[in-house]
Amino acid sequence: MASEQSKSEARPFGNEGQRVVLLVTTPVGESFQSIARATGFRPLQSPRVNWSSHENSALPDLASRLKFTTHYALCVIDREIWEKTSVSLLEKFRRARFWDHPGDYTMMAPSRSSQSNSCVGPAHLNACRIWCDADIGNIESGQEIGQTDTSDEEISRVYMELRQDWTYMPVFWNCHDLAIRLAHIIVPPSVNVTRFLKVLIVLLRRAYNKEVNWFSTAEKVSIGGWAAAGVGGVAAVPPLAVAGVGVFMVGWSVGFFGGFMEVSKEKTRHNFMIKLEERFPQLRSLHH
């Protein structure tokens with residue numbers, strides 16, 4: 001029937017399951033923004049989604065608004081509701097249930113997004129949540145990953161197990177990683193789903209390289225320092241020259257420390273992935 005959206009269209013991920021699994025993105029909290037600002041990146045604010053639309057295509061897909069400095073959450077909506085063109089996007093998401101990682105308190109501010117609870121509280125506070133209209137309105141993009149018959153209780157059980165011993169790192173092991181892996185576990189095994197999520201991980205790492213570039217930041221700081229030193233030499237004002245050299249050294253140290261930290265954190269991230277595979281063997285196809 002015409003009122004049932006896309007029933008005649010081919011589903012990219014198969015027909016399994018009566019519930020639609022989506023990944024959605026929202027703006028991040030202050031500490032994550034602080035990291036981005038420290039490296040010179042200013043994320044652009046995305047245009048607001050037309051929540052009054054009855055077309056699912058009104059929700060921009062993940063690739064169309066891809067950026068690393070964003071918060072990821074998983075949500076589940078009954079397929080019958082998701083496919084109805086008589087129901088607005090806002091009403092569909094009012095009936096959704098959300099799971100996400102709230103982030104940790106770092107750099108004097110929480111890295112969680114505005115709708116998430118603090119990680120200081122119990123993990124179950126971010127399991128199977130209903131978002132209010134204001135929080136739904138903050139969603140910038142989203143995409144159907146697949147379908148599932150997994151109940152809210154079972155999804156929450158998997159979510160809680162994923163959160164066990166999860167050492168949150170805003171850049172290297174964050175809400176992206178949890179949401180993607182939760183989606184991979186609860187959606188029935190599919191080559192298409194695995195391929196899509198692996199590509200998403202790669203695209204997020206590429207976005208990270210563009211948005212969080214320690215060496216670029218160090219270069220800007222260092223060049224500024226040499227310029228100040230040069231001015232100091234011409235003006236014959238030793239304090240300015242000394243300050244310029246000092247700034248250069250700070251820039252050099254930022255690059256050195258940033259590079260060293262990146263290698264160390266990537267190794268830590270890899271170890272976390274190996275540990276998860278011990279509890280969730282199905283993640284090996286996503287990681288390798």
Salt bridge or not for [X] and [Y], using N-O below 4.0 Å?
| X | Y | answer |
| --- | --- | --- |
| D100 | R129 | no |
| R48 | E140 | no |
| K84 | E91 | no |
| D78 | K92 | no |

* Is R269 close enough and on-axis enough to F272, meaning under 6.0 Å and within 45°, for cation-pi? -> no

Looking only at side-chain N and O atoms, does [Y] offer a donor or acceptor that is under 3.5 Å from a partner on [X]?
| X | Y | answer |
| --- | --- | --- |
| N50 | S52 | yes |
| W51 | S88 | no |
| R181 | H287 | yes |

* Measure the acute angle between the ring planes of W82 and F93, then classify it against the limits of 30° and 60° as parallel, tilted or perpendicular. => perpendicular

How close do [X] and [Y] get, counting heavy atoms only, and between which atoms?
| X | Y | value |
| --- | --- | --- |
| N174 | V171 | ND2-O, 3.5 Å |
| H101 | C175 | O-CB, 3.8 Å |
| S46 | K67 | OG-NZ, 4.0 Å |

* Close side-chain approach of T268 to M169, heavy-atom, < 4.5 Å -> yes

* Treat each ILVMFWY residue as a node, draw an edge where side-chain heavy atoms are under 4.5 Å apart, and state whether F68 and V199 are in one component. => yes

* **F280/H184 aromatic ring centres below 6.0 Å** => no

